Amino acid sequence: MGRQWTQIADIVVVGSGAAASVAALAAAKDGAKVLMLEKAPVYGGTSAKSGGAFWVPNNFRLKERGIEDPKASLLAYCAAYSYPHLFDSNSPTLGLGEDVYKLLEAFYDNASPMTDMLREIKAAEIGRFHVLPDGQGTDLPDYGVLDGNNKVPRGRCLGPIKPDGSPGFGAELMRQIKARIDAYGIPLLTSHQVVRLVTDGDGAVLGVEALNDGKEVSFGARKGVIFATGGFTYNREMLNLHQTGPVYGGCGVPTNTGDFVSIAGAVGAKLGNMGSAWRAEIVLEEALEYVSVPSDVWIPPGDSMFIVNRYGNRVFNEKRNYHDRARVHQHYDPNGSVAKIGGSQR
């Protein structure tokens with residue numbers, strides 16, 4: 001006897017943040033019957049808590065202003081910044097593995113059409129991402145080093161615009177997208193934690209199993225399952241296993257416990273960059289008080305401050321982005337370290 005599915009759809013989307021929601025909308029727009037499953041009791045994931053900005057090369061605003069953002073230079077910029085130890089401008093794949101290079105290509109080729117699709121179906125009102133009203137500030141500069149490969153140092157960062165024309169953030173972005181999800185009639189089941197994939201004897205994915213209020217339910221997928229879920233910020237075992245330095249907390253929602261890592265591993269998926277992360281500095285006192293801290297330490301361009309370590313030494317350029325700055329806190333000094341063994345110092 002075959003499995004009794006709780007529900008069946010063409011596409012099952014796991015997660016409800018920006019990536020999951022856009023995937024659901026894209027599938028529904030093309031005529032697929034879509035079902036969304038969210039582990040948390042509320043919609044939006046970390047996206048709803050975030051600043052709501054997304055970095056899109058060659059986007060519609062750049063095109064409207066006649067600014068070219070060539071693919072070759074963008075790929076070189078990304079490769080040199082993300083993989084400086086591998087970057088080779090003379091290599092057909094810029095020194096990267098074929099799979100990583102194709103991911104960068106896919107990002108360039110699809111990010112701009114994605115935002116065009118959101119605007120076409122009126123899922124989100126999108127403009128430049130900014131923290132000041134129009135006329136009181138310009139586009140934020142790119143986070144990466146402004147090297148010779150970066151032909152467009154400003155203008156790639158987009159964000160939601162409120163109905164009154166003022167800048168919005170993550171909560172506004174997800175509010176707008178959720179309205180379009182409802183308009184498309186896409187079912188969204190909250191408090192449904194997907195725990196495993198259902199496969200046939202040949203390994204083909206048939207659907208997923210999930211937990212809802214302690215009860216196991218299953219959902220069939222005629223065409224496929226899309227995972228767009230959070231990381232493992234709140235899974236201490238995974239943090240200790242994969243991260244190279246201390247992590248005291250995070251800005252993500254508390255349901256980010258890395259469920260997908262185990263689910264994907266169980267069916268033989270290849271995982272990579274598990275020691276990497278999108279890092280941010282946070283205030284330690286807030287990390288000790290809150291499971292999910294209200295915000296990271298974001299320093300707008302133009303602020304005047306010096307950041308020093310406990311010895312009073314300045315440790316980095318304060319204008320570097322929070323991801324780069326956070327990595328300094330994981331620096332290990334073999335000359336200054338002291339190991340404590342059996343109560344004595346050696």
Side-chain angles (χ1 to χ4, degrees), residues 1-48 99 103 106 110 113-114 117-118 120-121 123 174 177-232 234-235 238 252-272:
M1 181 180 293
R3 175 181 289 268
Q4 297 298 308
W5 301 106
T6 305
Q7 290 188 43
I8 300 178
D10 295 324
I11 303 292
V12 173
V13 177
V14 185
S16 69
S21 298
V22 171
L25 284 172
K29 176 179 178 293
D30 288 343
K33 180 180 179 182
V34 182
L35 171 67
M36 298 180 69
L37 303 174
E38 167 58 49
K39 176 182 177 180
V42 295
Y43 165 81
T46 300
S47 297
D99 53 346
L103 279 176
N110 295 285
M114 176 273 295
M117 183 270 293
L118 289 178
E120 175 191 343
I121 65 174
M174 299 315 299
I177 293 178
K178 179 62 163 58
R180 186 51 52 186
I181 284 176
D182 292 341
Y184 269 85
I186 300 173
L188 169 62
L189 305 183
T190 56
S191 299
H192 279 70
Q193 178 184 1
V194 172
V195 292
R196 66 183 62 87
L197 285 165
V198 179
T199 59
D200 64 15
D202 296 324
V205 173
L206 304 178
V208 299
E209 292 181 351
L211 294 176
N212 172 239
D213 196 22
K215 178 183 177 182
E216 190 169 277
V217 288
S218 55
F219 300 91
R222 299 185 189 95
K223 297 183 178 180
V225 177
I226 298 174
F227 281 85
T229 53
F232 50 87
Y234 302 102
N235 185 319
M238 286 188 183
V253 290
T255 46
N256 288 359
T257 54
D259 299 5
F260 177 67
V261 175
S262 301
I263 295 170
V267 294
K270 180 182 178 181
L271 302 175

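Along the sequence shown, the residues carry numbers beginning at 1. For clarity, every value in this text was computed on a predicted model and none was experimentally measured.
- Residue pairs meeting the salt bridge (Lys or Arg N to Asp or Glu O under 4.0 Å) criterion with at least one member in residues 15-26: none, sequence neighbours excluded.
- With sequence neighbours left out, the side chain to side chain contact (heavy atoms under 4.5 Å, CB included) criterion links I8 to W5, R222.
- Every residue two or more places apart in sequence or in another chain was checked for a side chain to side chain contact (heavy atoms under 4.5 Å, CB included) with L103, and none qualifies.
- Side-chain contact check for Y184 versus V34: every heavy-atom pair is 4.5 Å or farther apart.
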(message) What verdict does the side-chain contact (heavy atoms from CB on, under 4.5 Å) test give for D99 and K270, after you've listed the backbone C-alpha separation in whole Å, the side-chain angles of each residue and the deciding distance to 0.1 Å?
(response) CA-CA 11 Å; D99 53 346; K270 180 182 178 181; 4.2 Å; yes
(request) Start with the C-alpha gap between L118 and L25, add the side-chain angles, then the distance that decides, and say whether side-chain contact (heavy atoms from CB on, under 4.5 Å) holds. (result) CA-CA 8 Å; L118 289 178; L25 284 172; 4.3 Å; yes
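- Annotation: side chain to side chain contact (heavy atoms under 4.5 Å, CB included) contacts of S262 (sequence neighbours excluded): M238.
- Applying the side chain to side chain contact (heavy atoms under 4.5 Å, CB included) rule to A269 yields the partners A264; only residues at least two apart in sequence or on another chain are considered.
- At least one side-chain heavy atom of N256 sits less than 4.5 Å from a side-chain heavy atom of T46.
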(message) Could you go through V208 and L37, starting from their C-alpha distance and side-chain angles, then the distance that decides it, and tell me whether this counts as side-chain contact (heavy atoms from CB on, under 4.5 Å)?
(response) CA-CA 10 Å; V208 299; L37 303 174; 3.7 Å; yes
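- Proximity of F260 to V14: side-chain heavy atoms (C-beta onward) are nowhere separated by under 4.5 Å.
- Paired with V261 under the rule side chain to side chain contact (heavy atoms under 4.5 Å, CB included), one option of T229, L271, N235 passes, and it is L271.
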Got a list of side-chain donor-acceptor pairs under 3.5 Å for residues 16-24, not counting sequence neighbours?
| from | atom 1 | to | atom 2 | distance (Å) |
| --- | --- | --- | --- | --- |
| S16 | OG | E38 | OE1 | 2.7 |
| S16 | OG | G44 | N | 3.0 |
| S21 | OG | S16 | O | 3.2 |
| S21 | OG | G17 | O | 2.8 |
| S21 | OG | Y43 | OH | 2.9 |

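- Side-chain contact between E216 and R196 is present, with heavy atoms from C-beta onward closer than 4.5 Å.
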